[in-house]
Amino acid sequence: MSSSFRIHFPPPFRPLFSLNSFSSSSSSSIAISHRSSGGDVNRLIQSLCAKGNLAQAMELLPHEPRPAQRTYESLILACAHHNAACHAAVVHRHLLQHGFDQDSFLATKLIDMYGQLDLLYAARQVFDETPDKTIFVWNALLKALALADEGEDALALFSDMTRLGVPVDSFTFSHSLKACIAASSSSELAPIRLSQVHARAIRLGFESHVHVATTLIDCYAKLGSVVHAERVFDEMPDRNVVSWSAMIACYAKNERPFDALNLFNDMMSTDPEAVPNAVTMVSVLQACAGVSALVQGKVLHAYILRNSLDPTLSVVNALIVMYAKCGSLERSRRIFHKMTNRKDVVTWNSMISAYGIHGFGEKAIQVFHKMINAGVRPSIITFVTVLGACSHARLIDEGKRLFESMSREHGMSPRSEHFACIVDLLGRAGQLDEAVKIIEGMRIEPGPTVWGSLLGACRIHCNVELAERACARLFKLEPLNAGNYVLLADIYAEAKMWDEVDRVKKLLEAKRLQKVSGCSWIEVKKKIYSFVSVDEMNPQIEQLLALLGQLVTEMKNTGYVPNTRIVLYDLEQHEKERVLLGHSEKLAVAFGLINSSNGEVLRITKNLRLCEDCHSVTKFISKFTRREIIVRDVNRFHHFKDGVCSCSDYW
DNA sequence: TTGGTCGTTA
């Protein structure tokens, strides 16, 4: 890509609507009863624009012989706001004909407007035809290009600015940083480009500017470089809500929800100036959802209500997701039904997913149909959630029907992730052959999620041969995903193929990959306690194991046999039982039993799929201790009550 | 005259 911006010659700009056709087609709804002087019409147009009545303002424009700069400004802003491309072209032509063709102020506004309307060639043309290019004009085009994902062009423009000696400012840096991400978000070029612009910002002394630093944090967040974001954040001389929020969001979307919550608490306790807003709340709620911090989530919900913080649609959506992921489907439902905002596709998706992860497949499908009836177009993600819901609830035929309706009724071609859902649906239900047929019939290249779903199904149904086939592809597609190796080793272990288990483990070591270790946590008295398998560091470990030992002895009397098949090591039976007993979710359950009052519901979260043995043990404990236990695993919820699980032992 | 932070999935 050339560094010269001028190479990208814009196509000729033609107004989409001519002045003549405009005035003839419009039947005037405003009667101009008196011949008002120029000033009055100018003011009238401006006030109509401010009130959002663009159409009437446009009808008045031909009646004003000498439109003022302010009048055009109002019209341009209104066109951008109402996404009115036709009016935009008329206003543009009008102001050129009325002697504002050299006006760099209006040029700035026009470029910004065309950027928002996604008419980049028009924005470029205005830029090229503006003789006196102020920094505002440069920045406007830079912004338009960066926001339109024309990152390459934006960066080229930035180079031109430096080469031509245009005195850049902090706005220039904000837009250019965004352009780096737009130009190469997923390529390895992105960090390099970002560090180049970052270095230049440091050299010219803009790095510590609040807006520039905040943009930097956001950019590093998008690249997943949490360390870089932290460094910028730590070195900021002053912060405001937005910079705190950017760093919280960085943690929340890079799988560091605990850090996000801690940072939020830091902000609340150390910076009284930083009052959280709707945007802050969305990130913090997302972090709560990530760690199932129900109590913390409720506190935030109360905070939002108490401070009459604007419950924007995003906040309401985030609340629905938070309650669902914290195990309180009832609260999600209540918010969903009582909300006064217009529900958007994300709202519907969130509710579908809420029912889905709690195992209410039929409910999820009902909500899906209500969404269609409400006239909201389902998105790619809608189908992922509703198919996932079918999968959790074993609704095979319904799932297949929905999958087919995607292309037949909704004009969408299924993507790799939808094939992954259908393969998961069939595979989980044991229809592995059918799942393979689906994969073989795919017209697009099956992505890693598709083979991953098949591998997961092989793990559940212990199919060595098919698992090997899936892994042959997976190891090529994502050689660094330790999970695939672990699943294969699990399958070999269950089939007692210990040599193969060894081989896979060696493969893992050779690639220096770390298996993600099991971790569970529980919220007790507003604090979160986490456990790992055979948790030697835990001060209460002996007490926890003793309690579990007692419970297991009781269970064995009623016929329980520890499911040691799933222990990955070739050990003696009693050693395997010890490993099983030390599973993190069992420790968390035991901790909850000891440290909470009788009758309190235990809510546990686990980072992996719930193992078969923990599942049967938790069922027993729920009956024996008369406790309701809610466990969220990586995929879904299990509500244990009276010895029964809401998943009907299908997960 | 211009700018920064947010949500849904297996």
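Just so it is clear: chains get the letters A, B, ... in the order the sequence lines come, proteins before strands, and each one is counted from 1.
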> Looking at B:dG4, B:dT1, B:dA10, which one has an atom nearest to any side-chain atom of A:Phe105?
Replying inline: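 Closest nucleotide to the A:Phe105 side chain: B:dT1.
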
> So which nucleotide from B:dG7, B:dA10, B:dT5 ends up closest to the side chain of A:Asn635?
Replying inline: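 Selected nucleotide: B:dA10.
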
>> Measuring to OP1 and OP2 of B:dT5, would you say a side-chain N or O of A:Lys178 lies under 4.0 angstrom away?
In response: yes

>> Nearest to the A:Ser245 side chain among B:dT5, B:dT9, B:dT1, which nucleotide is it?
In response: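 Closest of the options to the side chain of A:Ser245: B:dT5.
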
> If you round to the nearest 0.5 Å, how far is CH2 of A:Trp244 from CG of A:Asp266?
Replying inline: 5.5 Å

> Has A:Lys143 got a side-chain N or O lying under 4.0 Å from the OP1 or OP2 atom of B:dG3?
Replying inline: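 Affirmative; the distance criterion is met.
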
> What is the distance, rounded to the nearest whole Å, between atom CZ of A:Arg459 and atom C1' of B:dA10?
Replying inline: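 From A:Arg459 CZ to B:dA10 C1': 18 Å.
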
>> Can you see if the side chain of A:Ser353 gets near the phosphate of B:dT9 - specifically, an N or O under 4.0 Å from OP1 or OP2?
In response: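 Result: yes.
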
> Base, sugar-phosphate, or nothing for A:Val345, non-hydrogen atoms under 4.0 angstrom?
Replying inline: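 The residue A:Val345 makes no contact with any strand.
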
>> Let's test your reading of the model: under 3.5 Å, does the base of B:dG4 pair with the side chain of A:Asn240 as donor and acceptor?
In response: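 It does, because a donor-acceptor pair links the side chain of A:Asn240 to the base of B:dG4 below 3.5 Å.
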
>> Nearest to the A:Val282 side chain among B:dA10, B:dG7, B:dT1, which nucleotide is it?
In response: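 Between B:dA10, B:dG7, B:dT1, the one nearest the side chain of A:Val282 would be B:dG7.
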
>> Checking contacts here: which listed nucleotide (B:dC6, B:dT5, B:dT8) is nearest the side-chain heavy atoms of A:Val346?
In response: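 The listed nucleotide nearest to A:Val346's side chain is B:dT8.
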
>> Nearest to the A:Ser170 side chain among B:dC6, B:dT8, B:dG3, which nucleotide is it?
In response: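 Selected nucleotide: B:dG3.
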
> Among B:dC6, B:dG4, B:dT8, which nucleotide sits nearest the side chain of A:Ser350?
Replying inline: B:dT8

> How is A:Ala249 classified with respect to the nucleic acid when contacts are heavy atoms under 4.0 Å: base, sugar-phosphate, or nothing?
Replying inline: sugar-phosphate

> Taking NE2 from A:His211 and P from B:dT2, how many angstroms apart are they, rounded to a whole number?
Replying inline: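 So the two atoms are 12 Å apart, to the nearest Å.
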
>> Mind checking if A:Asp344 touches a base, just sugar-phosphate, or nothing, with heavy atoms under 4.0 Å?
In response: base

> Checking side-chain contact (heavy atoms from CB on, under 4.5 Å) for the pair A:Leu147/A:Lys143: CA distance, chi angles, key distance, verdict?
Replying inline: CA-CA 6 Å; A:Leu147 290 186; A:Lys143 173 188 165 190; 3.8 Å; yes

> Rounded to the Å, how far apart are A:Ile381 CD1 and B:dG7 P?
Replying inline: 12 Å

> Could you state the CG-P distance from A:Asp132 to B:dT1, rounded to the nearest angstrom?
Replying inline: 17 Å

> A:Leu387 has an atom CG; how far is it from atom P of B:dT8, in whole Å?
Replying inline: 19 Å

> Are any side-chain N or O atoms of A:His392 and backbone N or O atoms of A:Gly361, one a donor and one an acceptor, separated by less than 3.5 Å?
Replying inline: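 A pair under 3.5 Å: no.
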
>> Just N and O in the side chain of A:Lys325: are any of them under 4.0 Å from OP1 or OP2 of B:dT9?
In response: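 Affirmative; the distance criterion is met.
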
>> OP1 or OP2 of B:dT8 versus the side-chain N and O atoms of A:Gln286: is any pair under 4.0 Å?
In response: yes

> Atom CH2 of A:Trp138 and atom C1' of B:dT1: how far apart are they, to the nearest Å?
Replying inline: 18 Å

>> Base of B:dG7, side chain of A:Ser314 - is there a donor-acceptor contact under 3.5 Å?
In response: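 Answer is no: no donor-acceptor pair is held.
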
>> Just the rounded figure in Å: distance from C1' of B:dC6 to OH of A:Tyr251.
In response: 18 Å

> Does A:Ser453 reach the main-chain N or O of A:Ala420 with its side chain, forming a donor-acceptor pair under 3.5 Å?
Replying inline: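 Confirmed, A:Ser453 side chain pairs with A:Ala420 backbone.
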
> Which listed nucleotide (B:dG4, B:dG3, B:dA10) is nearest to the side chain of A:His392?
Replying inline: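 Per side-chain heavy atoms of A:His392, the pick is B:dA10.
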
> If only side-chain N and O atoms of A:Lys109 are considered, is one of them under 4.0 Å from the OP1 or OP2 phosphate oxygen of B:dT2?
Replying inline: no

> Looking across every strand, which nucleic acid part, if any, lies under 4.0 Å from A:His175 by heavy atom: base, sugar-phosphate, or nothing?
Replying inline: sugar-phosphate

>> Nearest 0.5 angstrom please: A:Cys288 SG to A:His301 NE2, how far?
In response: 12.0 Å

> For the pair made of CD1 in A:Ile111 and C1' in B:dT1, what is the distance, rounded to whole Å?
Replying inline: 12 Å

> Just by modelled atom types, is the A:Thr382 backbone N or O under 3.5 Å from a matching donor or acceptor in the A:Ser379 side chain?
Replying inline: yes

>> Counting the atoms with a prime plus P, OP1 and OP2 as sugar-phosphate, which does A:Thr385 contact under 4.0 Å by heavy atoms, base, sugar-phosphate, or nothing?
In response: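 Sugar-phosphate, no base atom in range.
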
>> With rounding to the nearest 0.5 angstrom, report the OG to CZ distance, A:Ser195 to A:Arg193.
In response: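 If I round to the nearest 0.5 Å, the distance is 11.0 Å.
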
> With respect to the side chain of A:Phe171, which nucleotide from B:dT9, B:dT2, B:dC6 is positioned closest?
Replying inline: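 Given the options B:dT9, B:dT2, B:dC6, the side chain of A:Phe171 is closest to B:dT2.
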
